[in-house]
Amino acid sequence: MVVLPEAGPHCHMPSWAMFVLPDAEQSWLAIVVEDWNPIDRLNEQASEEILKVEQKYNKLRQLFFQKRSELIAKIPNFWVTTFENHPQVSALLGEEDEEALHYLTRVEVTEFEDIKSGYRIDFYFDENPYFENKVLSKEFHLNESGDPSSKSTEIKWKFGKDLMKRSSQTQNKASRKRQHEEPESFFTWFTDHSDAGADELGEVIKDDIWPNPLQHYLVPDKDDEEGEGEDDDDDDDDEEEEGLEDIDEEGDEDEGEEDEDDDEGEEGEEDEGKDD
């Protein structure tokens, strides 16, 4: 029986290669496995080339992103509206979070030069009644061993304005009273480093919102849509009522004609009686 050569460090041995096969099949399989390593090396080279292309075009995109940020900064409440319209992000926003995010003027996502090593998200704020920071940032890193980690700006809350404490207190009261609980404050995301490799909010901002925030900013207002729907329903109801009124009027006219016919018939009978 032919002994299969050991797989190289980059060789992805298929599961079926572990089965005991007849000698003839083992011989061919050995040849296939020998050819597997060059394919893996080509895949690695392709990945490196793709990474270089991504790095090149990331630098080119930055010029356009910078210009876009300058234009967006002139639109009042652009980013808070974008977050409120996004189904996943809006689920994380409490009322006070939305109030604080009205002071958010700019969001920027920067991928590190070695794209595989991570990225940073920066939030720029005007002077506001909640915290002292002008910029809040969160960074995501992959170390040499591939383990993810994150770090962020410490939020310097103004006295009595810590939204994370308020959120915790509100939830405790709500749970005691069995009321509907508010979501955790959006700002707790800056302090959560428990699972940097599966940070859904960071991924949503980087991959969904940042490339094209307009698609979420321009989502029609739900209240307007509901209002339009109600108007359409009212129009339909009016049309139905008009149709019913027309039917009633036609019915009244028919009854009137029948009454006239009956009256004429009775008069005819009376005239015949007189002639007799």
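Computed over heavy atoms, backbone and side chain alike; hydrogens, waters and symmetry mates excluded.
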Over all atoms of both residues, closest heavy-atom pair of Ser149 and Ala196: C-CB, 3.5 Å
Could you go through Lys52 and Glu49, starting from their C-alpha distance and side-chain angles, then the distance that decides it, and tell me whether this counts as side-chain contact (heavy atoms from CB on, under 4.5 Å)? CA-CA 5 Å; Lys52 290 177 182 177; Glu49 292 298 323; 4.0 Å; yes
Parallel, tilted or perpendicular: which describes the rings of Trp79 and Phe83, with under 30° parallel and over 60° perpendicular? tilted
Starting at CG of Asp97, measure out to CE of Met164 and round the result to the nearest 0.5 Å. 10.5 Å
Starting at NE2 of His86, measure out to CG of Leu92 and round the result to the nearest 0.5 Å. 10.5 Å
Step through the shown structure and confirm whether more than 12 heavy atoms of other residues, nucleotides or ligands are within 6.0 Å of CD on Glu200. no
Among Trp157, Phe159, Phe190, which one satisfies ring pair (Phe, Tyr, Trp, His ring centres under 6.0 Å) with Phe131? Trp157
Distance check, rounded to the nearest 0.5 Å: Asp162 atom CG versus Lys156 atom NZ? 14.5 Å
Going hydrophobic residue to hydrophobic residue with side-chain gaps under 4.5 angstrom, can you get from Trp210 over to Phe78? yes
Can you find a heavy atom in the side chain of Leu101 that is under 4.5 Å from one in the side chain of Phe186? yes
Which is it for Lys134 and Glu127 under the side-chain contact (heavy atoms from CB on, under 4.5 Å) test, yes or no, and what are the steps along the way? CA-CA 7 Å; Lys134 299 296 183 184; Glu127 179 69 28; 2.8 Å; yes
Checking Tyr130 against Phe125 for the ring-ring contact (aromatic ring centres under 6.0 Å, His included) test, could you report, in this order, the C-alpha distance in whole Å, the side-chain angles of both residues, the deciding distance, and whether it holds? CA-CA 11 Å; Tyr130 295 94; Phe125 290 85; 9.6 Å; no
To the nearest 0.5 Å, what is the distance between CG on Asp192 and OG on Ser150? 7.5 Å
Under a 4.5 Å cut-off applied to non-hydrogen side-chain atoms, are Arg68 and Pro213 in contact? yes
Is the shortest heavy-atom distance from the side chain of Ser69 to the side chain of Glu108 under 4.5 Å? yes
Student check: side-chain heavy atoms of Pro129 and Tyr103 closer than 4.5 Å: yes
Can you say whether the rings of Phe140 and Tyr119 are parallel (under 30°), tilted (30 to 60°) or perpendicular (over 60°)? parallel
With a 4.5 Å heavy-atom cut-off, do Lys138 and Asp199 have their side chains touching? yes
Hydrophobic cluster membership, Leu214 vs Ile72, 4.5 Å side-chain cutoff: yes
Interatomic distance, CG@Asn133 vs NZ@Lys158, rounded to 0.5 Å, equals 10.0 Å
Could you go through the side-chain contact (heavy atoms from CB on, under 4.5 Å) check for Tyr217 and Ile75 one step at a time? CA-CA 11 Å; Tyr217 176 77; Ile75 303 175; 3.5 Å; yes
In Å and rounded to the nearest 0.5 Å, what is the CG to OG1 distance from Asn58 to Thr110? 10.0 Å
Check: Leu142 and Asp147 side chains under 4.5 Å, non-hydrogen atoms: no
Tell me whether Leu104 shares a hydrophobic cluster with Val135, the cluster being built from Ile, Leu, Val, Met, Phe, Trp, Tyr side chains joined at under 4.5 Å. no
With His102, the side chain to side chain contact (heavy atoms under 4.5 Å, CB included) member among Thr81, Asn128, Asp126, Val80: Val80
Evaluate the criterion side-chain contact (heavy atoms from CB on, under 4.5 Å) for residue pair Leu93 and Glu84; output intermediate values, then yes/no. CA-CA 8 Å; Leu93 301 179; Glu84 288 172 344; 4.2 Å; yes
Determine whether Val107 and Leu218 fall in the same hydrophobic cluster, where Ile, Leu, Val, Met, Phe, Trp and Tyr are linked whenever their side-chain heavy atoms lie under 4.5 Å apart. yes
I'd like to check Phe187 versus Ile155 (side-chain heavy atoms, cut-off strictly below 4.5 Å). Are they in contact? yes
Once you measure the plane-to-plane angle for Phe112 and His141, does it fall in the parallel (<30°), tilted (30-60°) or perpendicular (>60°) bin? parallel
Do Phe65 and Tyr124 belong together in a cluster built from hydrophobic side chains that touch within less than 4.5 Å? no
